[in-house]
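Each remark here refers to the structure printed beneath this line.
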Amino acid sequence: MSDAYSPIPELNLLKEFEDSLGGQFFAPGFELMKYNKDLDWFCGDAPDAYLDRLIPFAYATHSGSYYALWRCDDRTDLATLPVIFFGDEGDLWVEAGNLRELFQSLALESDDPEDRARLASARQRYLIWLQQNFGLTLLDNSDDGENLAECARRFAIWVSEFASDDLLDHVLSSLGVEITTP
């Protein structure tokens with residue numbers, strides 16, 4: 001039996017890095033949780049077959065929001081799946097097109113001066129780790145908005161397969177998309 005955190009090498013490397021920080025945070029609110037933790041942002045509206053398509057892996061905020069990989073298809077490289085943000089107050093959006101894009105976004109400096117000061121040392125270590133392990137630096141200013149918007153549209157279509165009208169309206173509003181439903 002493997003002691004690996006997950007079946008995803010990129011997440012295992014991140015877990016090793018996070019553990020090396022001894023409880024320090026490198027990005028505001030981000031913390032790996034038990035891989036594939038049983039969470040249901042849909043409040044019981046989603047059948048298990050749909051929830052199985054979501055793989056929660058990290059808290060996104062200190063208040064319970066989290067990130068999950070969305071199994072939008074049957075690809076075997078789970079690190080290439082879209083990352084969905086599920087907010088503790090009902091927020092929802094596509095955070096990144098894949099794990100490496102999420103890792104780059106986590107490297108962005110916080111707008112909050114207190115967070116910047118508190119996270120500075122661990123963030124610098126994270127930037128080095130990101131470069132050494134993946135050859136990545138900070139996200140450039142190129143906008144991947146089209147890809148994320150298409151992913152949001154596909155996610156909404158997927159949700160429409162099981163959601164009540166109220167839930168679907170909330171999802172569509174949160175994602176800022178419109179879809180045609182039967």
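Since we're looking at a predicted model, the values are computed, not measured. FYI, the numbering just counts along the sequence from 1.
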Q: Would you give the length of the straight line joining atom CG of Leu21 to atom CD of Glu16, rounded to the nearest 0.5 angstrom?
A: 12.5 Å
**Q.** Test log, rule ring-ring contact (aromatic ring centres under 6.0 Å, His included), inputs Phe103 and Phe134
**A.** CA-CA 10 Å; Phe103 291 176; Phe134 303 107; 5.6 Å; yes
Q | From CA spacing to verdict: side chain to side chain contact (heavy atoms under 4.5 Å, CB included), Leu99, Ile8 | A | CA-CA 10 Å; Leu99 276 178; Ile8 305 170; 3.7 Å; yes
(Q) Before you tell me yes or no, could you show the steps for Arg154 and Trp70 under side chain to side chain contact (heavy atoms under 4.5 Å, CB included), namely the whole-Å CA-CA distance, both residues' side-chain angles and the distance that decides it to 0.1 Å? (A) CA-CA 11 Å; Arg154 290 177 46 223; Trp70 172 43; 3.9 Å; yes
Q) Counting only N and O atoms by type, is there a donor-acceptor contact under 3.5 Å from the side chain of Gln104 to the main-chain atoms of Leu136? A) no
**Q.** Polar side-chain atom of Asp115 near backbone of Ser110 as donor-acceptor pair, under 3.5 Å
**A.** no
Q) Is Asp73 paired with Arg75 through a side-chain N to carboxylate O contact shorter than 4.0 Å? A) yes
Q) Are Phe86 and Leu54 close enough that some pair of their side-chain heavy atoms sits under 4.5 Å apart? A) yes
Q. What residue pairs, at least two apart or across chains, pass side-chain hydrogen bond (donor to acceptor under 3.5 Å, both in side chains) with a residue in residues 126-135?
A. none
Q: Quick one: closest heavy-atom pair of Leu148 and Glu95, and the distance?
A: CD1-O, 4.4 Å
**Q.** Gap between atom CG of Leu168 and atom CD1 of Ile179 - 0.5 Å precision
**A.** 5.0 Å
Q. To the nearest 0.5 Å, what is the distance between OG (Ser160) and CG (Leu172)?
A. 8.0 Å
Q: Output yes when a side-chain donor or acceptor of Trp93 lies under 3.5 Å from a complementary backbone atom of Ile84, and no otherwise.
A: no
Q. In the single-linkage hydrophobic clustering (I, L, V, M, F, W, Y; side-chain heavy atoms under 4.5 Å), do Phe155 and Ile157 co-cluster?
A. yes
Q. If only atom types and distance count, is the side chain of Ser105 paired as donor or acceptor with the main-chain N or O of Leu102 below 3.5 Å?
A. yes
Q | Smallest separation among heavy atoms of Pro56 and Met33, with atom names | A | CB-SD, 4.0 Å
Q.
Just verifying a value: how many Å separate Phe25 CZ and Leu119 CG, rounded to the nearest 0.5 Å?
A. 9.0 Å
Q. Taking only residues two or more places apart in sequence or in another chain, which ones pass side chain to side chain contact (heavy atoms under 4.5 Å, CB included) with Ser20?
A. Phe17, Arg125
Q: Using a 4.5 Å cut-off on heavy atoms from C-beta on, say whether the side chain of Pro7 contacts that of Tyr35.
A: yes
(Q) Assess the residue pair Asn12 and Ser6 against the criterion (side chain to side chain contact (heavy atoms under 4.5 Å, CB included)); give the C-alpha distance rounded to whole Å, side-chain angles, the decisive distance to 0.1 Å, and a yes or no. (A) CA-CA 6 Å; Asn12 294 337; Ser6 79; 3.2 Å; yes
Q) Do Ile55 and Arg71 have side chains that get closer than 4.5 Å, going by heavy atoms? A) yes
Q: Give me the ring orientation class for Trp158 and Tyr50: parallel if the planes are under 30° apart, tilted from 30 to 60°, perpendicular past 60°.
A: tilted
Q) What is the distance from atom CG of Leu81 to atom SG of Cys72, rounded to the nearest 0.5 Å? A) 5.5 Å
Q) Any side-chain heavy atom of Arg123 sitting closer than 4.5 Å to one from Leu127? A) yes
Q) Judged by atom type as modelled, is there a donor-acceptor pair below 3.5 Å linking the side chain of Gln124 to the main-chain atoms of Ala120? A) no
**Q.** Smallest separation among heavy atoms of Leu175 and Ala152, with atom names
**A.** CD1-O, 3.6 Å
(Q) Can a donor-acceptor pair be found, under 3.5 Å and without considering hydrogens, that links the side chain of Ser173 to the backbone of Asp169? (A) no
Q.
Please list all pairs meeting side-chain hydrogen bond (donor to acceptor under 3.5 Å, both in side chains) that have one or both residues in residues 53-66, counting only residues at least two apart or in different chains.
A. Lys37-Tyr59, Arg53-Asp74, Thr61-Ser63, Thr61-Ser65, Ser63-Asp88, Ser65-Asp88
Q. Within the distance-only criterion (no hydrogens, no angle test), does the side chain of Glu18 pair as donor or acceptor with the backbone N or O of Leu32 below 3.5 angstrom?
A. yes
Q. Side chains of Asn98 and Val83: does their closest heavy-atom pair fall under 4.5 Å?
A. no
Q.
With heavy-atom distances below 4.5 Å as the criterion, would you say the side chains of Phe57 and Tyr5 are in contact?
A. yes
**Q.** salt_bridge(Asp112, Arg116) N-O dist < 4.0 Å
**A.** no
Q) Closest approach of Gly87 and Trp41, non-hydrogen atoms and distance? A) O-NE1, 3.0 Å
(Q) Return the CG to CG distance between Asn36 and Leu69, rounded to the nearest 0.5 Å. (A) 9.0 Å
